[in-house]
Amino acid sequence: MLPLPPEASATLADAERKPRKLGLFFWLSIGWVALVIVLAVFAGVLPIPDPNAQRSGLNLNPSVHHLLGTDGLGRDMFARVVYAARVSLTVGFASIALGLAVGGTMGVIAGYYRGRIDRVLMAAVDVMLAFPALVFALAIVTFLGQNLRNVTIAIAVISIAPIARIVRASTLTFAQRDFVLAARTLGASNRRIILREILPNVAIPIGSFSFIAVALAVVGEGGLAFLGLSVHAPTATWGGMINDGRSFLQDHPNLSLIPSAVLFATVLALNFAGDTLRSRFDVKDVSV
Amino acid sequence: MRAVAGKILYLIPVLFAVSALSFGMLKLLPGDPAVNILGPSATPAAVKTLHKQLGLDQPVVNQYGRFVWNALHGDLGRSYQNNQPTTESLRQRLPVTLELLVLSQLLALLVSVPIAIRAAVRPDGLLDRISTSASFGFLALPPYIVGVVLVLLFAVRFHIFPATGYTPLTQNPFENLRSLTLPSITLALAELATYLRLLRADMITTLQEDFITMARAKGMPPRRILWRHAFRPSSFSLVTVAGLNFGRLIGGTFIVEILFALPGIGELTVNSIFSNDYLVVQGTVLLVAVGYVLVNFLVDLLYVVIDPRVRHAAAAA
Amino acid sequence: MSAPLLEVDNLVTHFRSDRGLVRAVDGVSFSLERGQTLGIVGESGCGKTVLSRSIMGLLPPKNVVIGGHVRFEGRDLGALRAVDMRRVWGAEIAMVFQDPMTSLNPVMRIGVQVTEGLRVHLDMDKDRATETAIALLKSVGIPEAERRMHQYPFELSGGMRQRVTIAIAIACGPKLLIADEPTTALDVTVQAQILNLLQDKQRERHMAMILVTHDLGVVAGRTDHIAVMYAGKIVETAPTATLFTEMRMPYTEALIRSIPKPAAPSHTRLRAIEGRPPDLVRPPVGCNFAPRCPYARDKCHDHEPPLEGGEHAFACWYPI
């Protein structure tokens, strides 16, 4: 590569313009996530067997009665996967929503006001980031009890610091722009500027990043569940199912593979959707 | 020099905060920590003794002070299960976790670097597109999925590697590596994807720099240009990320150790959690957290030392 | 008569872009003998940098259309394989770039950047290469050469860095040196020193040199011939003295007139050239300079004047 004459470089840049359309895979990803959400939400009213009923035979192959077979305790796999989706998705979305509320606020305030507030907040963020995340989450769940609420809180807490950092970075780029200055010279109060000028602009890149954040939260919950530290058994969790299936790897690998595949597909879909949105809206690559 | 002093000054409060958090975890327990440790069937007398033992009748600040003081002297309490000093358990288990970390990082780097470099030379070429898609997939595969699949393929179906278990290095190096192969690959996959993406993007930028054109104009062979001229500046951010990854990886090692039954720090922590051995948990959390902070600090320092451009910026500032 | 050292024969470099074909270099021809200096002068965007890269053959293969020939010592450079081309680069033809801060590798020590050429092209061992490098650095006027070998580029001043790039360029004894705006990124006080250095080295080693610049002052006393470039074509070429005294092409006149004269009274208006350079994708029919030429007549807008005239060639229907 070498410095091309200005005319040439301008036109080559045009050639590299980002595609306008979101693409088939994007919509497939959204579709998959939507499907999982719908199934999870309406699980109760759908004709799905009880995920905890140990009625049928053990480790059955897929059949009309059991779409994905049964597990080592005779529970319907399909039902368990769907109900487990409830846990994962609830934790995923709720924890990030919380994280955005707290971390996002911190980030916006730090990025907008700068100065001492910025330094104090970022010091706090640095300390939080200094603590290894999984250990933190483990501690919270262990010491507060293993239920949906606490797992959500645990993941939310470890998401605050990274989210604060990213929101701050995004706020910084907007807070310096002219339209903010213009609003200020028109006499708008800081609160008004933040709400009417900064937030709507920050929401776009953060929105696309949120998909990826939810994916990370789902992976995190899966890890906790795998270790047996998410919601208590017998509630189905994807991570828990994967762990349960380990004892049957020799003869019935599906017990682990099915929840693995579903988790993988969901995380992949969320990642892909987030990434596509991010490049579509041309945000700088901000690393966590 | 001033920058280094500044970093050290910053380090101390962070260490304090981290140790306070580790200490405070036990305080998070609802109810009486002693009862939690001893279990519901504890007698009031036993509870009282434990109170005294743990210094729980002292003010919180004193307790914290005692905690830090003890820790600095290598005393992290004892396991309630087997009365083994936590420091001793950690000393035995640390090499396992470290070996796992080192092997997995080496593996990730050895694979990602050549691929990233080749991909950067021909962006959007076949290798680039395949490796980018693969990376994307790997990033969606957490260790607990990868590990299980690897065990299924290479331990259960084809008996190449052991599904669980660990052989110490001193005992049998070959078996040691064999027992750590699947765990290392498991941990390496996600890191591989991160490094690949990072290095590729960095290299593409570097390859557009003037000094690369100059190197070509000097008639330097392509391989030399790639590695000596282009990889060098790009490698610095890679090294930094690899170092900073240490903390993130801790979570991964916990899971991998449980999966593969490796007697490392992660296994100790998780098992202690299940057996309510909270003092041990507190000790290991402190070690891990402090270790993380120190490693980050060292990487920060190292970066200033090895990258001439950073020194230049510091000198100019 | 033996073949000239460098023979550029109707060189064409076009870039494919979304908007069409960018005709950066549109048929340039000249030749150069050993020991001669050619100055290539033109505004930014006239294609002179692309020309210098095209002569070297340094352009990326994608989206580039090359036509014409570049012959070095009789050999067609375009026909060489990559591995042979690499033997030419550095050892036979060398280049000095515009900005020494970006053309030197920031994370490699000066010493290595000088010695690697010696080791690759001249097969020197480490010690000999180091000795030679130190001597080279001394010869380009860098004090404390031994110490500098271990330093990084950022530790040197701009002028010194450019001296280093010159040392690197001449290290393997090339026959042709192409200097692409060698002083543009430097302080004015340093510019003359660097230009003198280039001239000295050229004489010492009997090299051919091409000085590419937008600044007529740079080429005034230091070149044998000057080629004036406009919109990808050479519009006038002449021995240096002749160009300044007997310019024929209006563009050349405008260029020379636009140089501010320190001796002029204060508040004299600067004589800029009206208008803007043409679009290289859709150049005007007829003479490229016609839209901006104060003497333009109908024929100029309709028919492109050919470059003709032997030693003093120009492309103009109505030379001045």
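Quick note: numbers below take in every heavy atom, side chains included, and nothing from hydrogens, waters or symmetry partners. Just so it is clear: chains get the letters A, B, ... in the order the sequence lines come, proteins before strands, and each one is counted from 1.
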What one should report as the nearest heavy-atom pair of C:Leu59 and B:Arg216 is O-NH2, 4.5 Å

Counting heavy-atom pairs under 4.5 Å to chain C, which of B:Ala215, B:Pro221, B:Pro222 comes out on top? B:Pro222

Which portion of B:Arg224 sits near chain C, non-hydrogen atoms under 4.5 angstrom: side chain

Could you tell me which residues in residues 112-124 of chain C have at least one non-hydrogen atom under 4.5 Å from a non-hydrogen atom of chain B, sorted by residue number? C:Val112, C:Gln113, C:Glu116, C:Gly117, C:Val120, C:His121

Do other residues, nucleotides or ligands put more than 12 heavy atoms under 6.0 Å from the CZ atom of C:Arg128? no

How far apart are the closest heavy atoms of C:Val107 and B:Arg232, and which atoms are they? O-NH1, 3.2 Å

C:Met95 and B:Ala217: which non-hydrogen atoms are nearest, and at how many Å? CB-CB, 4.5 Å

Test item: B:Asp210 side-chain N/O and C:Thr102 main-chain N/O as donor-acceptor pair under 3.5 Å: no

Checking heavy-atom separations under 4.5 Å from chain C, one finds in residues 112-120 of chain B none

By a 4.5 Å heavy-atom criterion (distance strictly below it), what part of C:Ile178 contacts chain B: side chain, backbone, both, or neither? neither

Spacing of B:Thr213 atom OG1 and C:Met56 atom CE [to the nearest 0.5 Å]: 10.5 Å

Closest contact, heavy atoms only, B:Met214 versus C:Phe97: SD-CD1, 3.5 Å

